[in-house]
Enquirer: 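Sending over a structure as structure tokens; questions will come in a sec.
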Amino acid sequence: MFYSSLQAAISNSIYSNINFKVKQVVCLEAIYHGRDVVAILPTGYGKSVIFHLLSSLFLDKIKCESRVAPSPVIIVVSPLNALIKDQIRRLKEGNVKATVLSVKGKSEEEINNEREERNRTSV
């Protein structure tokens, strides 16, 4: 089941022509099977691929397996706002409740408003 869900996640992503590294697949498979994962990998290894595929991977799993808990919890800790925003958007598109918790305690809406304001003033 994991590999078919992984293939579905890949086909719905920008990573359709990627050659996965072993540790990327190991992390994704462990997460898929409900195990906690802390991936400390070197710069350039491809941690972002793992982040990007999580939402699609779980959405496919929920679709395919009726015994899956209806509310899986995914926590992605990332300093990259673009990754966080993309994860939230993709999860919400799949009717999964999602939000951002930031260090400053700002909501997703506040973060987006600040970003839009910065973009308007920098133009």
Enquirer: Which heavy atom of A30 sits nearest a heavy atom of V37, and at what distance?
Expert: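 Minimum heavy-atom contact is CB-CG2, 3.6 Å.
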Enquirer: Please check this pair: side chain of K47 against backbone of Q24, looking for a donor-acceptor N/O pair closer than 3.5 Å.
Expert: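 Here the side-chain-to-backbone pair does not exist.
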Enquirer: Go through the structure and list residues passing salt bridge (Lys or Arg N to Asp or Glu O under 4.0 Å) with R89, not counting sequence neighbours.
Expert: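 Counting only residues at least two positions away or on another chain, R89 forms a salt bridge (Lys or Arg N to Asp or Glu O under 4.0 Å) with D86, E93.
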Enquirer: So, using side chain to side chain contact (heavy atoms under 4.5 Å, CB included) as the criterion, who are the partners of I18 when residues are at least two apart?
Expert: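 For I18 the side chain to side chain contact (heavy atoms under 4.5 Å, CB included) partners, ignoring immediate neighbours, are Y15, F20, V49.
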Enquirer: Holding to side chain to side chain donor-acceptor pair (under 3.5 Å), I want the full list of residues that pass it with K21, two or more places apart in sequence or in another chain.
Expert: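 Checked K21 against side chain to side chain donor-acceptor pair (under 3.5 Å); zero matches.
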Enquirer: What is the distance from atom NZ of K23 to atom CD1 of I40, rounded to the nearest 0.5 Å?
Expert: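 One gets 11.0 Å once the value is rounded to the nearest 0.5 Å.
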Enquirer: Can you tell me how far apart CG (L54) and CG (L28) are? Round to the nearest 0.5 Å.
Expert: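 It comes to 6.0 Å.
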Enquirer: Do V26 and L53 sit in the same hydrophobic cluster, where Ile, Leu, Val, Met, Phe, Trp and Tyr count as joined when their side-chain heavy atoms come under 4.5 Å apart?
Expert: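 No, separate clusters.
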Enquirer: Mind checking salt bridge (Lys or Arg N to Asp or Glu O under 4.0 Å) for K92 and listing every partner two or more places apart, or none if nothing turns up?
Expert: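 Here the qualifying residues are E108.
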Enquirer: If you compare all heavy atoms of L41 against all heavy atoms of I50, which two are closest, and at what distance to 0.1 Å?
Expert: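 For L41 versus I50, the nearest heavy atoms are CD1-CD1, 4.3 Å.
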Enquirer: Using side-chain heavy atoms (C-beta onward) and a distance below 4.5 Å, is R120 in contact with E117?
Expert: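 They are in contact (side-chain heavy atoms under 4.5 Å apart), so the answer is yes.
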Enquirer: Looking at residues at least two apart in the chain, or sitting in another chain, which of them share a side chain to side chain contact (heavy atoms under 4.5 Å, CB included) with A8?
Expert: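 By the side chain to side chain contact (heavy atoms under 4.5 Å, CB included) rule, A8 matches D60.
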Enquirer: According to side chain to side chain contact (heavy atoms under 4.5 Å, CB included), who are the partners of E29, at least two apart in sequence or on a separate chain?
Expert: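 Partners of E29 under the side chain to side chain contact (heavy atoms under 4.5 Å, CB included) test: F2, Y3, H33.
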